[in-house]
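I have placed the structure first, in the form of structure tokens, so that the comments after it can refer back to it.
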2 protein chains.
Amino acid sequence: MNKPDLLFKALADPSRRKLLDRLYANDGQTLSQLCTHLDMTRQSVTQHLDLLEAANLVTVLWRGREKLHLLNPVPLQEVYERWLAKFEKPRLKALHDLKQRLEGDDT
Amino acid sequence: MNKPDLLFKALADPSRRKLLDRLYANDGQTLSQLCTHLDMTRQSVTQHLDLLEAANLVTVLWRGREKLHLLNPVPLQEVYERWLAKFEKPRLKALHDLKQRLEGDDT
DNA sequence: TTGACATGCAGGTATTTGCCTGCATATAAG
DNA sequence: CTTATATGCAGGCAAATACCTGCATGTCAA
């Protein structure tokens with residue numbers, strides 16, 4: 001699977017985003033530590049972390065029997081640069097607004 | 001399903017990103033037009049477009065029997081503001097580099 | 001009105017996902 | 001050495017996904 005696929009898929013799950021948030025608040029936590037705040041088994045959390053690792057959002061550092069998880073923000077910056085930066089605010093929003101006027105709001 | 005879930009899920013598929021790219025290059029295309037460049041049936045493309053619409057990335061405008069698709073970049077800006085902006089460049093990359101030194105490169 | 005065109009709607013199926021249980025392995029501590 | 005701790009590995013299962021086929025509906029144009 002290619003790079004942006006892995007990245008967006010990794011971000012598409014609330015449990016995984018929660019893991020990223022926890023690492024953002026307190027980086028370098030072990031698997032067991034990360035498990036304590038999610039209502040699922042250790043094995044499920046492992047699977048989520050594996051996905052985050054595959055997306056290069058989390059890097060692993062072994063210390064003895066402990067597996068420390070470190071957050072890597074670089075791919076997120078790349079997402080911005082390659083996918084979001086080109087959508088500058090004013091440009092296409094005008095079309096959306098135009099639609100609102102032509103059709104009435106169907107939201 | 002909540003907002004960021006829909007957004008990231010919509011972006012997690014290469015066909016859907018390709019559709020967004022095509023709309024970025026040439027906005028307001030019909031379903032048939034969008035089908036011509038993807039190697040799948042019209043119904044599959046419809047499903048992808050439905051997902052993009054659910055994520056509010058695409059807005060639809062009916063003109064007679066034609067369904068025009070308009071790109072809406074606002075959710076992408078929100079993604080940046082709510083998820084990416086807080087990961088400023090220098091901060092945590094240092095930890096990733098530290099790991100490289102401690103473990104050797106396992107990439 | 002009739003025929004062509006644009007799209008919708010209703011399934012059917014193979015694959016992927018997300019979660020689980022059960023057991024195995026490796027490290028730390030007494 | 002023995003026990004507790006931290007994690008890995010294998011497999012199973014229900015739900016979601018991403019395709020498809022077949023048929024129905026609505027709109028334009030002659």
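Scope of the values below: all heavy atoms of this structure, side chains included, with no hydrogens, waters or symmetry mates. In the text below, chain A, chain B and the rest are named by the order of the sequence lines, each starting its count at 1.
Distance from the side chain of B/Leu31 is smallest for C/dT7 among the nucleotides C/dT7, D/dG26, D/dT21. Set against C/dA6, C/dA28, D/dT7, the side chain of B/Glu66 has C/dA6 as its closest nucleotide. Each of C/dA28, D/dG8, D/dC20 was ranked by its minimum atom distance to the side chain of A/Trp62; first place goes to D/dG8. The listed nucleotides are D/dA6, C/dC19, C/dG18; the one nearest the side chain of A/Ser15 is C/dC19.
B/Ser44 has a side-chain polar atom (N or O) that falls below the 4.0 Å cut-off from OP1 or OP2 of D/dC20. B/Ser32 has a side-chain polar atom (N or O) that falls below the 4.0 Å cut-off from OP1 or OP2 of C/dT7. Phosphate proximity of C/dT17 to A/His48: absent, as no side-chain N or O sits under 4.0 Å from OP1 or OP2. Distances shorter than 4.0 Å separate none of the side-chain N or O atoms of A/Lys9 from OP1 or OP2 on C/dT16.
B/Arg63 has its CZ atom 13 Å from the C1' atom of C/dA6, to the nearest Å. We find that CG of A/Leu11 is positioned 15 Å from P of C/dT17, with the value rounded to whole Å. Separating the CG atom of A/Asp50 from the P atom of D/dG8 is a distance of 7 Å, rounded to the nearest angstrom. Between the C1' atom of C/dT17 and the CG atom of B/Asp13 lies a distance of 15 Å, rounded to the nearest Å. Between A/Gln29 atom CD and D/dT7 atom C1' there is a gap of 16 Å when expressed in whole angstrom units. One atom, CZ of A/Arg17, and another, C1' of C/dG18, lie 15 Å apart when rounded to the nearest Å. Between A/Lys67 atom NZ and C/dT27 atom P there is a gap of 14 Å when expressed in whole angstrom units.
A donor-acceptor pair is defined here as one N or O able to donate and one able to accept, closer than 3.5 Å; such a pair exists between the side chain of B/Gln29 and the backbone of B/Arg22. Judged by distance alone, with hydrogens and angles left aside, the side-chain atoms of A/His69 form a donor-acceptor pair with the main-chain N or O of A/Lys67 at under 3.5 Å. Put simply, the side chain of A/Ser44 never gets that close to the backbone of A/Met40: no donor and acceptor are under 3.5 Å apart. Side-chain N or O atoms of A/Asn72 include none that pairs as donor or acceptor with a backbone N or O of A/Val58 at under 3.5 Å.
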Exercise for the section: Show your reasoning for whether side-chain contact (heavy atoms from CB on, under 4.5 Å) applies to B/Arg16 and B/His48. Expected result: CA-CA 6 Å; B/Arg16 290 194 283 271; B/His48 283 304; 3.0 Å; yes
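Between the base of D/dT5 and the side chain of A/Arg65 there is a donor-acceptor pair shorter than 3.5 Å. You'll find a donor-acceptor pair under 3.5 Å spanning the side chain of A/Gln43 and the base of C/dG22, going by distance alone.
Residue B/Arg16 is classed as a sugar-phosphate contact, given heavy-atom separations below 4.0 Å to backbone atoms only.
A 4.5 Å side-chain heavy-atom check between B/Gln47 and B/Leu51 finds every atom pair outside the cut-off. Residues B/Val79 and B/Phe8 meet the side-chain proximity criterion, which asks for heavy atoms closer than 4.5 Å.
Residues A/Lys18 and A/Asp13 are not paired through a salt bridge, judged by the lack of any N-O separation under 4.0 Å between the basic side chain and the carboxylate.
Proximity of residues 34-42 of chain A to DNA chain C (heavy atom under 4.0 angstrom from any strand atom) is restricted to A/Met40, A/Thr41.
If A/Gly64 and A/Gln47 are placed on DNA chain C by their nearest nucleotide, the residue sitting closer to the 5' end is A/Gln47.
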